[in-house]
Number of protein chains: 2
Amino acid sequence: MISTRTSQPDVIAALEDAGLRITGQRRQVVAAIERRDGGFSAEDIAGELEGVGRATVYRTLKLLVKADVLCKLALPDGTPMYSPSRLEHHHHSVCTSCGAVEEFRDTTVERFLRSLTREIEGEIVGHRMEVFIRCLSCLGSSSS
Amino acid sequence: MISTRTSQPDVIAALEDAGLRITGQRRQVVAAIERRDGGFSAEDIAGELEGVGRATVYRTLKLLVKADVLCKLALPDGTPMYSPSRLEHHHHSVCTSCGAVEEFRDTTVERFLRSLTREIEGEIVGHRMEVFIRCLSCLGSSSS
DNA sequence: CTGATAGTTGATACTTACTATCAATAACTT
DNA sequence: AAGTTATTGATAGTAAGTATCAACTATCAG
Ligand SMILES: [Zn+2]
Ligand SMILES: [Zn+2]
Ligand SMILES: [Zn+2]
Ligand SMILES: [Zn+2]
């Protein structure tokens, strides 16, 4: 029902379409994030890709976020976390124990934002929403 | 209609009730944030209060966030931003140009979260929502 | 298949936003 | 007033990047 995107060639094509060059480093970063599924940090990727400079990893992640193939989220304390994007427009649930990320789409939030247009002075240019959870496996494995 | 809180004595009392000591430094930080209204950074406060150590400013801000008298938000890129809290439970609109912060309460989001309880596997332990805007004065003063 | 051109890279240093240490200090308790 | 214990602040360190800029290379015009 909900179409999945971001098979590697598509991502590369998206970068090309944006007028960017397809370098070996960018391919490696794209491949690395496609291998992952839960949340991860930029340093995780930089550590994994010994042959790619840290600065390039950060630069590429930023490009991928701009290209909507990667989401940059934040834990409750603000620690940034990346997660590959598979759905069109969506929000996230993040397990605060293990970092598992699920994407969901819901029209309630979008309807809410449209209604806000009438209440808020100014122009809405974006929003962020994250739901923090303890996932089933984390609930199961904690004694409390 | 919507009750305002956080006149300085209340905040101090709240800290006392939490078993914390009322020090001159904490009074200064509380006074400094009550003098502000839009968003500000921890460094803004640290710079303003020459007599209070940076570490103490950060520690006190964290206490105030925990005591619900201060909100820690984030700009779209993740840059943290603090804003005094005046409403009970609420969300924020943040002007991405000037940093003006408005608080709003809306039951749509909370209803949405309750409905999510049935869809999400696991236990919801928190959420974050921010609406990014360009406020009227910023819209007015830009030539575009 | 050359160059030429301009985008890209990476080592290094710097910045922002904190947090850990720990001896000195000051706030509450009695 | 004295004692106990939380708090402070200077310093150093960490996490997450960003700025610089010379060297490199993807892409393209010829
Ligand atoms: Zn996502
Ligand atoms: Zn979990
Ligand atoms: Zn608030
Ligand atoms: Zn504004």
Side-chain angles (χ1 to χ4, degrees), chain A residues 9 11-33 36 39-67 70-83 94 99 128, chain B residues 11-33 39-67 70-83 94 99 128:
Chain A
V11 176
I12 297 297
L15 292 179
E16 261 177 337
D17 293 349
L20 299 165
R21 290 184 180 169
I22 308 309
T23 65
Q25 291 91 331
R26 286 180 179 164
R27 279 184 204 282
Q28 288 183 70
V29 173
V30 169
I33 79 159
R36 296 193 170 251
F40 55 85
S41 69
E43 292 297 330
D44 288 340
I45 302 296
E48 180 183 332
L49 301 178
E50 279 300 331
V52 183
R54 262 169 35 86
T56 298
V57 169
Y58 278 98
R59 282 188 289 237
T60 306
L61 291 182
K62 188 177 260 193
L63 288 177
L64 296 177
V65 169
K66 204 172 302 176
L70 184 65
C71 297
K72 186 178 181 180
L73 341 160
L75 297 181
D77 71 350
T79 303
M81 185 176 203
Y82 295 86
S83 172
V94 182
R128 182 214 316 280
Chain B
V11 177
I12 298 298
L15 292 180
E16 259 176 338
D17 293 350
L20 299 165
R21 289 181 183 174
I22 308 309
T23 65
Q25 290 93 328
R26 286 179 180 167
R27 277 184 205 283
Q28 288 183 70
V29 174
V30 169
I33 79 159
F40 55 86
S41 68
E43 292 297 329
D44 288 339
I45 301 295
E48 181 182 329
L49 300 178
E50 279 300 331
V52 182
R54 265 166 34 87
T56 298
V57 169
Y58 279 97
R59 282 187 289 236
T60 306
L61 291 182
K62 188 176 261 194
L63 288 177
L64 296 177
V65 169
K66 203 172 303 176
L70 184 65
C71 296
K72 186 178 182 182
L73 343 159
L75 296 181
D77 71 349
T79 303
M81 184 175 202
Y82 295 86
S83 171
V94 182
R128 182 212 318 280

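A note on names: the letters A, B, ... follow the listed sequences, proteins ahead of strands, and every chain is numbered from 1. These numbers come from a predicted model, not from an experiment.
When all heavy atoms of A:A46 and A:R54 are compared, the closest pair comes out as CB-CG, 3.9 Å. Among all heavy-atom pairs drawn from B:A42 and B:V57, the shortest one is O-CG1, 3.8 Å.
The side-chain heavy atoms of A:L64 and A:R26, taken from C-beta on, include no pair separated by under 4.5 Å. The closest side-chain heavy-atom distance from B:D77 to A:K72 is not below 4.5 Å. A 4.5 Å side-chain heavy-atom check between B:D44 and B:Y82 finds every atom pair outside the cut-off.
Legend: side chain to side chain donor-acceptor pair (under 3.5 Å) pairs involving residues 15-25 of chain B, not counting sequence neighbours: none detected. Legend: side chain to side chain donor-acceptor pair (under 3.5 Å) pairs involving residues 57-66 of chain B, not counting sequence neighbours, sorted by first then second residue: B:E43-B:Y58, B:T56-B:R59.
Listed by chain and residue number, A:E130 satisfy the side chain to side chain donor-acceptor pair (under 3.5 Å) test with B:R128 (two or more places apart in sequence, or in another chain). Every residue two or more places apart in sequence or in another chain that forms a side-chain contact (heavy atoms from CB on, under 4.5 Å) with B:L49 is listed here: B:Q28, B:V29, B:A32, B:I45, B:V52.
Between the side chain of A:R59 and the base of C:dG10, at least one donor-acceptor pair of N or O atoms lies under 3.5 Å.
An angle of 40°, rounded to 10°, separates the two end axes of the helix from C:dC1-D:dG30 to C:dT30-D:dA1, each defined over five pairs.
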Taking only nitrogen or oxygen atoms into account, show me every contact under 3.5 Å that the protein makes with nucleotides 26-28 of chain C, one pair per line with its distance.
unit_1 : atom_1 : unit_2 : atom_2 : d
C:dA27 : N3     : B:R21  : NH1    : 3.3
C:dC28 : OP1    : B:I22  : N      : 2.8

Polar atom pairs between nucleotides 15-18 of chain C and protein, under 3.5 Å, N or O only, would you list them?
unit_1 : atom_1 : unit_2 : atom_2 : d
C:dC18 : OP1    : B:K72  : NZ     : 2.7
C:dC18 : OP2    : B:Y82  : OH     : 3.3
C:dC18 : N4     : B:R54  : NH2    : 2.6

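Along DNA chain D, the stretch of nucleotides lying under 4.0 Å from any heavy atom of chain A spans, 5' to 3', D:dA16 to D:dT27.
In this structure, A:G51 reaches the sugar-phosphate backbone alone: every heavy-atom distance under 4.0 Å involves primed, P, OP1 or OP2 atoms, never a base.
Rounding to the nearest 0.5 Å places CD1 of A:I33 at 7.5 Å from CG of A:L61.
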